[in-house]
Amino acid sequence: MRKLRILRILLAACALLALTAVFADFTGTAAAWFGWTAKLQFWPAVLGGSLVAAVAVLACTLLVGRVYCSVVCPLGILQDVLVFLRRLFGFRFPVSGESANARWTRQAIHLASTVVFVSGGFLGLHFQWLEPYAVYGRAASTLLAPLVRLGNNALAGWAERHASYAFHAVEVVAPPVAVMALSAALLVLVCALALWKGRLWCNAVCPVGWLLGCAARHAWLKPRIDAAKCVKCGQCARACKARAIDVANGTVDGAKCVACFDCGAACQKGAVTWSK
């Protein structure tokens with residue numbers, strides 16, 4: 001499973017860099033090269049009538065679980081980066097599982113946010129603030145893209161002073177203050193939750209996470225814990241960013257699991273497998 005984890009990290013890094021370049025680039029080059037990555041996003045594919053992409057995401061989810069959330073979704077990948085930084089400083093997640101009251105509360109909030117998002121979308125209301133691709137795209141285009149343009153203009157000015165015209169200045173248009181403030185606030189909230197509780201946003205708010213989680217319950221291949229090999233050391237639970245592992249009962253919540261393969265890589269006994 002370590003090889004699967006490495007492959008997942010490489011694919012996720014490529015996806016995040018490509019999507020960020022598409023949102024931040026002003027030349028159109030990134031869109032020409034990597035614009036196809038935007039077509040892999042689940043909810044935009046549903047709204048855009050791209051049934052091939054939407055069905056492909058659902059098919060992958062029914063096959064191996066929520067791998068979309070760890071490989072394709074930019075907001076999910078960003079949260080994984082923050083979880084990595086948390087671990088880098090020695091802060092791992094606790095072994096204790098989720099209490100019954102916390103689970104019901106989380107599920108109620110998740111269902112309510114999904115109902116509001118889906119119903120509002122079909123009624124023509126703008127509830128795309130909760131959609132992960134929109135959250136990341138809005139933050140990148142309103143917060144990062146202007147900085148990229150300013151950096152380009154600074155580089156163009158420096159090049160011109162040295163008799164080089166390889167770069168040219170471009171217009172920097174500041175987005176509306178309200179949009180910038182809301183985008184920044186939502187991004188900070190998602191990042192704070194990731195540093196605090198891992199994939200809490202994905203499993204308590206994100207409507208796409210809820211929809212794919214329902215499908216992942218019936219996935220053909222799921223993470224399973226071999227009771228004969230498990231010594232209940234808790235390493236898998238500490239590595240689980242989705243808090244999906246119950247060490248005491250030796251079970252994994254397939255709906256919460258985002259198929260990152262961190263648990264299998266952390267287990268020294270080979271007790272965590274991905275099987276039917």
Side-chain angles (χ1 to χ4, degrees), residues 1-9 11-12 57-73 76-77 79-80 83-84 86-87 91-111 114 193-194 196-206 208-276:
M1 199 173 290
R2 288 183 177 88
K3 293 181 179 179
L4 288 175
R5 178 176 179 269
I6 293 173
L7 178 61
R8 189 266 305 171
I9 291 174
L11 292 175
V57 171
L58 287 174
C60 287
T61 305
L62 289 172
L63 179 63
V64 294
R66 290 170 56 185
V67 68
Y68 167 89
C69 298
S70 287
V71 175
V72 180
C73 175
I77 301 170
Q79 293 174 77
D80 288 349
V83 170
F84 170 77
R86 171 188 166 122
R87 292 171 179 168
F91 297 100
R92 291 181 172 265
F93 297 110
V95 177
S96 57
E98 188 178 39
S99 66
N101 289 335
R103 181 172 63 255
W104 283 110
T105 301
R106 174 182 58 79
Q107 291 176 345
I109 295 174
H110 213 177
L111 178 60
T114 303
L193 290 176
W196 178 42
K197 292 286 187 178
R199 286 296 195 98
L200 182 61
W201 173 271
C202 301
N203 288 320
V205 180
C206 178
V208 175
W210 185 84
L211 292 170
L212 296 182
C214 292
R217 292 182 186 275
H218 309 287
W220 184 49
L221 299 177
K222 301 178 182 179
R224 301 185 186 279
I225 299 177
D226 188 342
K229 296 181 180 180
C230 180
V231 295
K232 299 190 182 301
C233 64
Q235 291 301 317
C236 58
R238 293 187 181 94
C240 182
K241 66 194 71 173
R243 309 290 297 278
I245 299 178
D246 185 343
V247 177
N249 296 315
T251 59
V252 181
D253 188 340
K256 293 175 65 177
C257 173
V258 292
C260 65
F261 307 113
D262 286 359
C263 55
C267 181
Q268 301 298 317
K269 303 297 182 180
V272 182
T273 59
W274 222 267
S275 58
K276 294 186 287 184

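Values below: every heavy atom of this structure, side chains too, minus hydrogens, waters and symmetry copies. Just so it is clear, the structure is predicted and the values come from calculations on it, not from any experiment.
Here the shortest heavy-atom pairing between Trp274 and Pro223 reads CZ3-CB, 3.4 Å. Considering all non-hydrogen atoms of both residues, Ala219 and Gly65 come closest at CB-N, 3.7 Å. Pairing each heavy atom of Val83 with each of Ala194, the nearest pair is CG2-O, 3.9 Å. Closest approach of Cys206 and His110 over heavy atoms only: O-NE2, 2.6 Å. The shortest heavy-atom contact between Ala244 and Cys257 is CB-N, 3.9 Å. Pairing each heavy atom of Ala204 with each of Ile109, the nearest pair is O-CG2, 3.3 Å.
Inter-residue side-chain proximity for Gln79 and Val258 is flagged as unmet; no heavy-atom pair is nearer than 4.5 Å. Under the 4.5 Å side-chain criterion, counting only non-hydrogen atoms from C-beta, Lys276 is in contact with Leu221. Between Asp253 and Asp246 there is no side-chain heavy-atom pair separated by less than 4.5 Å. With a 4.5 Å cut-off on side-chain heavy atoms, Arg106 and Lys256 count as touching. A heavy-atom distance below 4.5 Å is found between the side chains of Arg66 and Asn203. Between Cys260 and Arg199 the shortest side-chain heavy-atom distance does not fall below 4.5 Å. Using a 4.5 Å heavy-atom threshold, the side chains of Arg86 and Lys241 count as separate. Looking at heavy atoms from C-beta onward, Val208 lies in side-chain contact with Tyr68 at the 4.5 angstrom threshold.
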Evaluate the criterion side-chain contact (heavy atoms from CB on, under 4.5 Å) for residue pair Leu58 and Leu212; output intermediate values, then yes/no.
CA-CA 7 Å; Leu58 287 174; Leu212 296 182; 4.0 Å; yes
Apply side-chain contact (heavy atoms from CB on, under 4.5 Å) to residues Val252 and Lys222 and explain how you reach the verdict.
CA-CA 9 Å; Val252 181; Lys222 301 178 182 179; over 6 Å; no
Step-by-step side-chain contact (heavy atoms from CB on, under 4.5 Å) determination, Arg8 to Asp262:
CA-CA 10 Å; Arg8 189 266 305 171; Asp262 286 359; 2.9 Å; yes
Using side-chain contact (heavy atoms from CB on, under 4.5 Å), reason through Phe84 and Arg87 one step at a time and then give a plain yes or no.
CA-CA 5 Å; Phe84 170 77; Arg87 292 171 179 168; 5.7 Å; no
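Atom CG of Asp80 sits about 8.0 Å away from atom SG of Cys202, to the nearest 0.5 Å. Note that OG of Ser70 is 11.0 Å distant from CZ of Arg5, once rounded to the nearest 0.5 Å. With values rounded to the nearest 0.5 angstrom, Cys267 atom SG is found 8.0 Å from Ile225 atom CD1.
For Lys232, the NZ atom sits in a packed shell: over 12 heavy atoms of surrounding residues, nucleotides or ligands are nearer than 6.0 Å.
Each of Val64, Leu62, Leu63 was scored for a side-chain contact (heavy atoms from CB on, under 4.5 Å) with Trp220, with one residue passing: Leu63.
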